[in-house]
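First comes the structure, then the notes that go with it.
Counting from 1, the numbers follow the sequence of the chain as shown. First listed ligand is number 1; within each ligand, the first listed atom is number 1.
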Amino acid sequence: MATKNKNSNKKIAVVGAGLVGGLEACYLAKRGYEVHLYEYRGDIRAMEHVPGRSINLAMSIRGRTGLKAVGLEEKIIQEHGIPMRARMIHDLDGSTRAIPYNKDGKCIYSVGRRYVNEVLLSKAEEFPNVHIHFNHKLTGVDLDNANMTFLDTVSNEEVKASADLVIGCDGAYSNVRKQMLKRNWFNYSQQYIEHAYMELCIPPTPDGEILDCIMSQKHNADSSDAKKRKAIIVEVKL
Ligand SMILES: Cc1cc2nc3c(=O)[nH]c(=O)nc-3n(C[C@H](O)[C@H](O)[C@H](O)COP(=O)(O)OP(=O)(O)OC[C@H]3O[C@@H](n4cnc5c(N)ncnc54)[C@H](O)[C@@H]3O)c2cc1C
């Protein structure tokens with residue numbers, strides 16, 4: 001798949017094999033780089049329960065364009081996507097109204113986060129120049145020399161590795177970013193919004209009937225942290 005080219009002697013370390021890291025590894029592999037993908041967690045494809053967020057992704061043209069370049073758009077959208085044409089707003093008085101995502105009838109798609117991550121990992125693995133290292137938690141990185149230190153979470157041993165370039169794809173609490181903050185001219189700020197979200201899974205009835213989700217006023221009033229929670233996003237997984 002990847003051909004020998006001028007990039008093949010360049011080694012790139014991608015830290016974090018989430019949505020971004022998995023896709024990034026595929027892009028770099030297509031360009032012929034030797035890619036080492038390091039992931040804190042084990043292989044999620046072999047896990048019964050994946051720790052972390054599970055809320056479905058609402059995929060729009062932005063995400064689809066990224067997947068298209070590695071030949072995965074069709075597979076993910078056609079085989080797995082659930083069309084979402086509008087957002088249903090549940091008012092406190094019990095009334096509902098739908099806000100369409102697009103006035104021309106186009107829609108976004110709900111796709112499982114775990115599924116997309118798994119497909120990306122499998123795609124990355126198809127490239128002979130991608131090497132995935134699961135259970136490797138980055139604990140330190142010397143960005144000037146691209147030297148990294150990992151904790152092998154299975155053996156509990158320290159692992160040293162080096163590359164020509166390190167790319168941090170290790171998510172919201174990025175360790176790579178933490179190291180960057182120690183350098184000059186690096187600015188960073190983080191703000192939390194005052195909303196929270198709640199993920200609900202409402203399965204169909206035993207007869208396969210899909211239930212309407214009703215957020216009653218009582219439910220909101222009874223919630224201990226209702227005052228803090230100004231918006232509740234309800235996601236119904238079928
Ligand atoms: C509630 C919620 C809903 C969202 N809904 C949508 C949506 O509908 N549509 C959409 O496009 N986006 C959505 N997003 C945003 C989307 O989740 C993020 O943009 C996306 O997950 C970012 O991907 P990532 O790979 O950067 O990070 P992550 O998906 O968090 O992956 C980071 C990876 O790095 C690994 N890692 C972390 N630390 C280390 C370390 N020290 N060493 C090695 N590996 C490490 C983690 O284990 C993980 O696998 C949502 C986010 C939230 C919080």
Side-chain angles (χ1 to χ4, degrees), residues 13-28 35-47 49-68 70 72-73 76-77 80-84 86-87 101 107-121 123-124 131-141 143 147-154 158-161 163 166-181 190-201 229 231-237:
V14 176
V15 181
L19 301 174
V20 173
L23 186 61
E24 180 66 23
C26 295
Y27 271 71
L28 293 168
V35 183
H36 286 260
L37 184 54
Y38 295 96
E39 169 56 41
Y40 180 5
R41 298 179 294 185
D43 187 344
I44 58 166
R45 293 167 297 181
M47 288 180 190
H49 172 72
V50 176
R53 278 189 294 274
S54 64
I55 191 167
N56 267 19
L57 290 166
M59 197 171 286
S60 66
I61 195 69
R62 183 170 53 114
R64 291 177 63 173
T65 306
L67 294 170
K68 193 175 182 172
V70 292
L72 291 177
E73 186 201 14
I76 288 175
I77 296 298
H80 194 76
I82 301 168
M84 296 198 293
R87 181 185 295 260
Y101 286 118
C107 63
I108 55 176
Y109 288 84
S110 173
V111 286
R113 179 183 291 274
R114 174 177 180 169
Y115 173 78
V116 178
N117 206 161
E118 289 183 354
V119 169
L120 285 167
L121 286 174
K123 184 72 194 177
H131 314 274
I132 308 183
H133 310 268
F134 293 110
N135 302 303
H136 275 59
K137 179 186 181 185
L138 183 90
T139 52
V141 56
L143 291 167
N147 291 328
M148 296 154 288
T149 308
F150 295 93
L151 173 72
D152 180 328
T153 56
V154 175
E158 192 178 88
V159 178
K160 302 266 185 199
V166 177
I167 300 182
C169 299
D170 48 345
Y173 301 104
S174 169
N175 211 335
V176 175
R177 188 203 293 125
K178 247 181 241 159
Q179 300 299 321
M180 292 173 122
L181 288 174
Q190 182 171 12
Q191 266 180 303
Y192 287 91
I193 58 170
E194 55 182 19
H195 302 75
Y197 71 94
M198 180 191 280
E199 190 178 342
L200 302 177
C201 181
R229 195 180 297 133
I232 298 180
I233 299 165
V234 180
E235 167 148 310
V236 183
K237 282 194 205 149

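The two residues Asn117 and Ala17 come nearest to each other via the heavy atoms ND2-O, 3.0 Å. Of all the heavy atoms in Met47 and Arg41, the pair that sits closest is CE-CB, 4.2 Å. When all heavy atoms are compared, the tightest approach of Leu37 to Gly22 is CD2-CA, 4.5 Å. Residues Ile108 and Ala58 share a closest heavy-atom pair of CD1-CB, 3.9 Å.
Polar contact check, Ala172 against ligand 1: no nitrogen or oxygen pair lies under 3.5 Å apart. Of the N or O atoms in Leu57, none lie within a sub-3.5 Å distance of an N or O in ligand 1. Between Ala17 and ligand 1, no N or O atom pair is found at a separation short of 3.5 Å.
Salt bridge status for Glu73 with Arg64: present, with a side-chain N to carboxylate O gap under 4.0 Å.
Closest to atom 16 (C) of ligand 1 by heavy atom, among Arg113, His133, Glu39, is Arg113.
Residue Thr139 does not touch ligand 1, judged by heavy-atom distances below 4.0 Å. With a heavy-atom cut-off of 4.0 Å, Cys169 touches ligand 1 through its backbone alone.
Using 4.0 Å as the threshold, Met59 has no heavy atom nearer than that to any atom of ligand 1.
Close approach of ligand 1 to Arg41 (heavy-atom distance below 4.0 Å) involves ligand atoms 47 (O), 49 (O). Applying the 4.0 Å criterion to heavy atoms of His136 picks out, from ligand 1, the atoms 42 (N), 43 (C). Against a heavy-atom cut-off of under 4.0 Å, Gly171 is close to the following atoms of ligand 1: 27 (O), 30 (O), 32 (C). Distances below 4.0 Å separate heavy atoms of Val15 from the following atoms of ligand 1: 42 (N), 43 (C).
Here the side chains of Glu118 and Ile44 are in contact, with some heavy-atom distance below 4.5 Å.
Ring geometry, His133 versus Tyr38: the interplanar angle falls under 30°, so the pair is classed parallel (tilted spans 30 to 60°).
Between atom CD1 of residue Ile77 and atom NZ of residue Lys68 there is a gap of 11.5 Å, rounded to the nearest 0.5 Å.
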